[in-house]
Amino acid sequence: MRVSKRTTIIVLALTALFFAFTLLHASWLADAPEGGPKLVADKGVAPVLGSDGCVSAANAGYGAVAVGPDLAALQLAAGAEADAVHVPVEIADGSLVPVRQFESQCAADLAQPRPDVAATAYSLSRPELFWRAEGADAAKALLATLPAGDRRHILIGDDAAVVVAKAEHPAMRAFTIAKARQCAADYRGSLLGSVPESCANGVMLLTLDELGFALWGWPNRFLERMAKVKTTVIIAQDVTDGEIKGLTDVRQFGEIAQGFNGYIWVDKIEELGPALRR
C-alpha cells in the first residue's frame, strides 16, 4: 500500500506535536520540589477527660495552665502531627470565638469563657491556622486581632470575607472554596499548562480523583508552575456542598505523589497524623 506524501507529512506533524506536548508536561524534566507535605487537621481532637469528667482537669496549656474544651481539642489536633489546624469562628455574645470543638458536660468546663481569637492564636503558636470566617463583620473582627503579614494565618471565607481580607491584609492568603475549585478546573482545561489568572497568588483546591496525568505536569512540573506564581495547593479527599472533606484512611496517602509539598486536608488527625509521620 502506497502512502501519499501528504499523509506522511500529517503523520510526522502529529507525531512531532505529540512529543512536544509530552515534553512540555514531562514531570521528570523539572526539579523535585523542596520540602514535604503539610497536614491540615480539619477539626479538633476529643480531649481526654479527668477522673471528674472535666476536660480542664486533664489538659493543661502553656505553663501548665488549665484550658477549656475548645482550646484543649485544638491543641491536641496540633499535637497529633498537624502542621496546620482548621479553626472555624463565629460571633457569640458580641465576641469572635472558635466554633465549639468539643461539647463537655462538666460544669467547670461550661463555666469557663469561650476563648477569643487572640487566646486561640496564642495557644496554637506552632501550626499554621486556617481560619474559617463568613461575612464581612466576622472577617473584620478576625483581622483586627491577627498580625498583618504573618503567613501563618490563612482565611477561608465567603466572597464578603475575602474582599475584606484582601483590602486590609493584602499579603494574607485568603480564598473561597468555590474559587479555589475554579482554579483547579481552569488549570485542567489549559492544555498548554499555562497557569490561569484565577490561580496566580491564590489557592488551588484539588481532590484525590483529580490527581494524575490529567493534571498537566503532575507532579514536579505542576508544582514548579504553581510555585512560580505563588499558588498554594491543597489536596482533599473530596469537596461536597462547599465543604472540604479530609483524608480518612492512611492508604489514601499513597494516591498522592511522593514529593508533594503542599497541604493535605486530613480528617481524624489523631489517627492519620502519627501514622503518616512514621
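Only this structure's heavy atoms are used, side chains among them; waters, hydrogens and symmetry mates stay out.
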Apply the test side chain to side chain contact (heavy atoms under 4.5 Å, CB included) to residues T232 and M204: give CA-CA distance (whole Å), side-chain angles for both, the deciding distance (0.1 Å), then the verdict. CA-CA 6 Å; T232 297; M204 178 185 290; over 6 Å; no
Is there a side chain to side chain contact (heavy atoms under 4.5 Å, CB included) between I269 and K43? Walk through the geometry before answering. CA-CA 8 Å; I269 188 68; K43 54 184 175 293; over 6 Å; no
Do T207 and V239 pass the side chain to side chain contact (heavy atoms under 4.5 Å, CB included) test, and can you show the C-alpha distance, the side-chain angles, and the key distance before you say yes or no? CA-CA 7 Å; T207 59; V239 179; 4.1 Å; yes
Given K140 and E168, is the salt bridge (Lys or Arg N to Asp or Glu O under 4.0 Å) satisfied, shown in steps? CA-CA 8 Å; K140 288 179 180 178; E168 298 191 9; 5.3 Å; no
Could you walk me through whether L215 and L206 pass the side chain to side chain contact (heavy atoms under 4.5 Å, CB included) test, one step at a time? CA-CA 10 Å; L215 193 63; L206 295 163; 3.7 Å; yes
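With rounding to the nearest 0.5 Å, the separation of CG in N261 from NZ in K38 is 8.5 Å. Here the CE-CG distance, from M172 to L155, works out to 5.0 Å after rounding to the nearest 0.5 Å. Note that CG of L146 and CG of D150 are 8.0 Å apart. Values are rounded to the nearest 0.5 Å. Atoms CZ and CH2, from R188 and W216 in turn, are 10.5 Å apart once rounded to the nearest 0.5 Å. To the nearest 0.5 angstrom, L142 atom CG is 12.5 Å from D137 atom CG. To the nearest 0.5 Å, the span separating CD on Q105 from CG on L49 amounts to 10.0 Å.
Side-chain atoms of I234 and V203, non-hydrogen and from C-beta on, do get closer than 4.5 Å to each other. Here the side chains of S194 and R225 are not in contact, with every heavy-atom distance at 4.5 Å or above. A heavy-atom distance below 4.5 Å is found between the side chains of Q75 and S123. Residues I256 and L208 form a side-chain contact, since some pair of their non-hydrogen atoms from C-beta on lies under 4.5 Å apart.
In terms of heavy-atom proximity, L247 sits nearest to F253 at CD2-N, 4.1 Å. Nearest heavy-atom pair across P127 and A82 is CB-O, 4.3 Å. Shown here for V164 and A136, the closest heavy-atom pair between the two residues is CG2-CB, 3.8 Å. The heavy-atom pair separating L211 from E255 by the smallest distance is CD1-O, 3.6 Å. The shortest heavy-atom contact between L74 and T120 is CD1-CG2, 4.0 Å. When all heavy atoms of E210 and L205 are compared, the closest pair comes out as OE1-O, 4.3 Å.
Hydrophobic clustering (ILVMFWY, side-chain heavy atoms < 4.5 Å, transitive): V162 and L96 are in distinct clusters. Hydrophobic clustering, with ILVMFWY side chains joined whenever heavy atoms are under 4.5 angstrom apart, keeps V99 apart from I244. The hydrophobic clustering, which links ILVMFWY residues whose side-chain heavy atoms are closer than 4.5 Å, places V40 and I154 together. M226 is connected to I235 through a chain of hydrophobic side-chain contacts under 4.5 Å among Ile, Leu, Val, Met, Phe, Trp and Tyr, so both are in one cluster. Residue V233 is grouped with residue V229 when hydrophobic side chains (ILVMFWY) are merged at heavy-atom distances under 4.5 angstrom, including chains of intermediate members.
In terms of modelled atom types and a separation under 3.5 Å, the side chain of Q101 and the main chain of G44 share a donor-acceptor contact. Not a single donor-acceptor pair under 3.5 Å links the side chain of R100 to the backbone N or O of D70. Between the side chain of D109 and the backbone N or O of P69, no donor-acceptor pair lies under 3.5 Å. Put simply, the side chain of D116 never gets that close to the backbone of V97: no donor and acceptor are under 3.5 Å apart. The main-chain N or O of F222 is never found under 3.5 Å from a side-chain atom of Y187 such that the two would form a donor-acceptor pair. In terms of modelled atom types and a separation under 3.5 Å, the side chain of R173 and the main chain of R151 share a donor-acceptor contact. A donor-acceptor distance shorter than 3.5 angstrom exists from the side chain of D249 to the backbone of R251, with no hydrogens or angles considered. With R152 contributing its side chain and L129 its backbone, the two residues share no donor-acceptor pair below 3.5 Å.
If you check the side chains of T248 and D267, you find no donor sitting under 3.5 Å from an acceptor. Between the side chains of Q182 and D186, at least one donor-acceptor pair of N or O atoms lies under 3.5 Å.
By the side chain to side chain donor-acceptor pair (under 3.5 Å) test, E270 is found to be paired with no residue, residues two or more places apart in sequence or in another chain being considered. Looking at residues two or more places apart in sequence or on another chain, you find no side chain to side chain donor-acceptor pair (under 3.5 Å) involving T176.
Enclosure of atom NZ in K166 by more than 12 non-hydrogen atoms of other residues, nucleotides or ligands within 6.0 angstrom is indicated. Residue D93 qualifies as open at atom CG: its count of foreign heavy atoms under 6.0 Å is 12 or below.
Here disulfide bond (SG atoms under 2.5 Å apart) pairs that include residues 198-240, with residues two or more places apart or in two chains, are C183-C199.
No salt bridge links R132 with E90; every basic N to acidic carboxylate O contact stays at or beyond 4.0 Å.
The aromatic ring centroids of H86 and W131 lie 6.0 Å or more from each other.
Between F130 and Y263, the two ring planes are perpendicular [angle over 60°; tilted spans 30° to 60°].
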